[in-house]
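In listed order, ligands and their atoms are each counted from 1. What you see is a predicted model, and the numbers here were worked out from it, not measured in a lab.
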Amino acid sequence: MPNLAVELNRLHLANPILVASGTFGYAREMAAFVPFSKLGGIVPKTITAEPRRGNPPPRTVETASGLLNSIGLDNDGLETFLAKHLEYLVGLGTKVIANIAGHDREEFLQMSGRLGGIEGLSGIELNISCPNVSGGVDFGVDPARTEAIVRGVREVCGLPIVAKLTPNVTDIVAIAQAAQSGGADAVTLTNTFQGMAIDWKHRKPILGNVIGGLSGPAIKPIVLRMVYQVARRVPGLPIIAVGGIGSLNDVMEFLVAGASAVQIGTANFYNPTLAGKLVDELDAALASEGLASVREIVGTLKTP
Ligand code: SIN
């Protein structure tokens, strides 16, 4: 049996298959579909310090090979997360990585300080990349702000830190380097791509917030390119890839490109049993390649 365990600096996972924030609720919703303890980890919906109502509807629209969303971080806030969801999540037999978003650096630090003292959490994913709220991507498009947030969180919180980056930048390598300099254990590549959909007959945007974030198979080749670039240019910074994964072949492509782990996102909506099945399929694929561990395939791309 190949060894599926992966180590992303201080974040250790039993296998590299996680589920992405915003596509898995707080896990209860998915109990009928996924044997949670099989997963490498769960990243629940982004939490903010205070409850947020999110953006006006419509909030989602299907596009060719993708999904546009403008949810706007609708959530009940940190205290309700701790009171209502945490105990359930940490009892599921897999790693739970809390995803948080702050209005500013101070709020990121306050939230991480509070979460750092919580028993059972395995890490924090910093959402410095939400395209659907005012200021959401501002942190993640600026290397200095990215580094400052990660560094501050590292000072106040002992949990492993994952920075979730936005693809809406010219140079993803510069942002990944900044996250590493700040002390991130890993980066998640990537959040959604800014996009829009139009109802031309009514001359109106379809999303209530006009602009949203595109995910799903349409973005996979672009995220693959970013994973490849960061893996080559930022050694020592493990990558969790997320972007249009819908099959084992997609997982293998991301691992070969240099990702140490992956998150299943949009596919949870149309194929909710996929994440659990991928763990078995990965095991079988590595065995058929004669590999003793998943680590042996990470970053093995041969380039001219
Ligand atoms: C949202 O709630 O708008 C989606 C989350 C994100 O893109 O970070």
Decide whether [X] and [Y] meet the rule of one side-chain donor and one side-chain acceptor closer than 3.5 Å.
X      : Y      : answer
Arg114 : Gln110 : no
Ser129 : Asn127 : yes
Glu125 : Thr188 : yes

Side-chain donor/acceptor of Asn55 to backbone N/O of Asn132, under 3.5 Å: yes
Quick one: does any side-chain atom of Asn168 pair with a main-chain N or O of Thr192 as donor and acceptor, under 3.5 Å? yes
Should we count CZ of Arg28 as having more than 12 external heavy atoms under 6.0 Å? yes
Structural part of Asn132 in contact with ligand 1, heavy atom criterion under 4.0 angstrom: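 Answer for Asn132: side chain.
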Between Asn127 and ligand 1, which residue portion shows a heavy-atom distance shorter than 4.0 Å: side chain, backbone, both, or neither? side chain
Please determine whether any non-hydrogen atom of [X] lies less than 4.0 Å from an atom of ligand 1.
X     : result
Gly72 : yes
Gly22 : no
Thr46 : no
Lys45 : yes

Nearest protein heavy atom with distance in Å, relative to [atom]:
atom                   : result
atom 6 (C) of ligand 1 : Cys130 SG, 3.5 Å
atom 4 (C) of ligand 1 : Asn69 OD1, 3.6 Å
atom 7 (O) of ligand 1 : Asn191 OD1, 3.2 Å

Sub-4.5 Å side-chain heavy-atom contact between Leu115 and Leu82: yes
Enumerate the atoms of ligand 1 whose separation from the nearest heavy atom of Pro131 is less than 4.0 angstrom.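 Ligand 1 atoms under the 4.0 Å threshold to Pro131: 7 (O).
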